[in-house]
Each structure stands twice: as structure tokens, then as C-alpha cells.
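Protein chains get the first letters and strands the later ones, always in sequence-line order, with residue 1 at the start of each.
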Number of protein chains: 2
Amino acid sequence: MLEALEASDGFLSAQQLHATLREQGQRVGLATVYNRLRILADTHQVDVLRTESGEALYRRCGAQGHHHHLRCRRCGSVQEVESAEVEAWAHSLAKKAGFSDISHTIEITGLCEKCHG
Amino acid sequence: MLEALEASDGFLSAQQLHATLREQGQRVGLATVYNRLRILADTHQVDVLRTESGEALYRRCGAQGHHHHLRCRRCGSVQEVESAEVEAWAHSLAKKAGFSDISHTIEITGLCEKCHG
DNA sequence: CAGATAATGAGAACGGTTACAATTTGGTAT
DNA sequence: ATACCAAATTGTAACCGTTCTCATTATCTG
């Protein structure tokens, strides 16, 4: 299952992943896909993000640590993104406001070169 | 309805808002709340974000332009946040990657001073 | 091989959201 | 006032992604 996620260059929904596995001939139930994805997400082996419509998308990321994504709204292709400055900014800002247990998410979206037009 | 949203200092779900309006004695249908919220969101009169569980939360923001939020995971209280540097970073990064029609979201979450402990 | 344990998966249930059709509301012309 | 029309509103049913249930199947262990 992780292989199928890695094979895809973008984020997949649980149902897309299920369909993909089925097409490959694997007899796997949708419930199992959801269960395993949840475990993988809980253990930070895959990244999760939410579509505008509320759907959950999953991806096996190359980068191990904390990072963010630049994603094409049309084709779904994804690049990983990092910036120590921005990390520091987010953290110090929250700290100044008295927050603890700080985390953050950053999503940059747009139309990639291929999809533009 | 906008008043009810403004009265709340944090984000409200559509259903919470509906309940609030009902408690105030207004006879309003859930469908209407959803409809009007959608219109308000489409016209950028309210901000929308998605819970981890996929639920949509709405807020009438003080700041008019583009901005982000620092939010307490426990009590839901929200502060508005801006940073020209981060805006520029996100935009130039996407542009360098060949992206157009660029947008981004940043959410910083944690436990606020009151809720910490 | 037997028995216990965990993983699996088809289908039901669930919760937030949207679509639909009927009703109400508000305005305008008669 | 009254009749008429268009837009807004509303309860309910449908929808869709996700989670739960629990019978079945696979995997360990001795």
C-alpha cells in the first residue's frame, strides 16, 4: 500500500487509493484502506491534508521531518517545501502570544506550468 | 447572522451557528444557514477553515485583507496574524516553480495561556 | 494440529453538507 | 386591497466520505 502511495507523485484520496489497488488486482476492502491510512497518518508515515471540500488526501513524503507543500489545484502534483525562517516566525509568534504545544500548517496552491491556461 | 458570527470570538461551525440563532429565538432553517454561509464565504465576507475532522468553521474577521490565524486547539479562540515577509516568501517560491494563480493558507495552532495545563 | 489472537472486509451506520420541491415572503402593477 | 411574480426560505431526503460492526479469514504459538 505504501508502494502505491509512493508511486503516485501527488496526494491520493482513500477512495482513489482503494481503486488503484483494486486495479492492480489486489483484493482489499475499502475499510482496510481507511484503517491502514489512519494508522500510517497517526504514526506520521504519511502526510494528510484536507481538500476544500473536506476530503482527506494522503501522501507518502520523501522528506522525513516537518515540511510543507506546493500543490497544483488542477492536476494535484506536489512539491515539498521548507523554510527555516518561516518555521521560526510561526513558532516565535505563537510563543509571544503565550501559546504552548505549537504547530502549524502551510499550504501553497496554484496552477503549475503544465496546467496553466 | 453576521452579527452572531461577530459576537463569537472564535470560529463557529454551521450547526453551532444555527443553534445559536435558534436560541436567540430566530426561526431559521439549517439549510438557510448553510446557503448564506456559502454566499458569505464566496464573497469573502467570512473566513472558512476546515477542522481536522473535515468540518467547516466560519468566522467574520476584523481584518479586511488577506491574513492568517493563530488558534487555540482547545477553546477555539483566535488571533489574526500577518507577515509581509511570509506572504512574499510563499508567492516568490511558487512563482519560481512556475506556478500561477497562487494562493496559500497558514494556520498556527497551539494551546493558549488559559487552556495550557 | 488446535486454539488463541489479530487482521480483514462487506455492509450498515453516521455526520456534515447539499439538492430538491414546496411554501412563504416581499415587491409591483392593477 | 388584490393579484401576480420572483426571490428567499425551509424541512426533508439524498449524498458522500468516513467510521463502526461483526462475521470471516489469516497468522501466530505451543
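Proximity of a side-chain donor or acceptor of B/His18 to a complementary backbone N or O of B/Val28 within less than 3.5 Å is detected.
Residue pairs meeting the salt bridge (Lys or Arg N to Asp or Glu O under 4.0 Å) criterion with at least one member in residues 54-70 of chain A, sequence neighbours excluded, are A/Glu6-A/Arg60, A/Arg59-A/Glu80. Applying the ring pair (Phe, Tyr, Trp, His ring centres under 6.0 Å) rule to pairs touching residues 86-106 of chain A yields A/His66-A/His104, A/His68-A/His104, sequence neighbours excluded.
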Under 3.5 Å, N/O pairs linking protein and nucleotides 23-28 of chain D:
none

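Note: CD (A/Glu55) to P (D/dT19) measures 12 Å, nearest angstrom. To the nearest angstrom, P of C/dT17 lies 12 Å from CG of B/Leu17. Atom CE in B/Met1 sits about 11 Å away from atom P in D/dT10, given to the nearest Å. Across the protein-nucleic acid pair, B/Gln16 atom CD and C/dG15 atom P stand 15 Å apart, rounded to whole Å. Distance B/Phe11 CZ to C/dG16 P: 18 Å, rounded to the nearest Å.
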Inset, instruction - Dump the intermediate steps for side-chain hydrogen bond (donor to acceptor under 3.5 Å, both in side chains) on A/Ser13 and A/Gln15, then the final yes or no. - result: CA-CA 5 Å; A/Ser13 71; A/Gln15 318 226 15; over 6 Å; no
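Remark: B/Glu113 CD is loosely packed, at most 12 non-hydrogen atoms of other residues, nucleotides or ligands lying under 6.0 Å away.
Scanning for side-chain hydrogen bond (donor to acceptor under 3.5 Å, both in side chains) contacts around A/Ser83 gives A/Glu85, with sequence neighbours left out.
Within a heavy-atom distance below 4.0 Å of DNA chain D, the residues of residues 19-54 of chain A found are A/Ala31, A/Tyr34, A/Arg38.
Shown are A/Arg73, A/Arg74, A/Glu52; of these, the side chain to side chain donor-acceptor pair (under 3.5 Å) with A/Thr109 is made only by A/Arg73.
The other residues sharing a hydrophobic cluster with A/Val78 are A/Phe11, A/Leu49, A/Leu57, where clustering joins ILVMFWY side chains under 4.5 Å apart.
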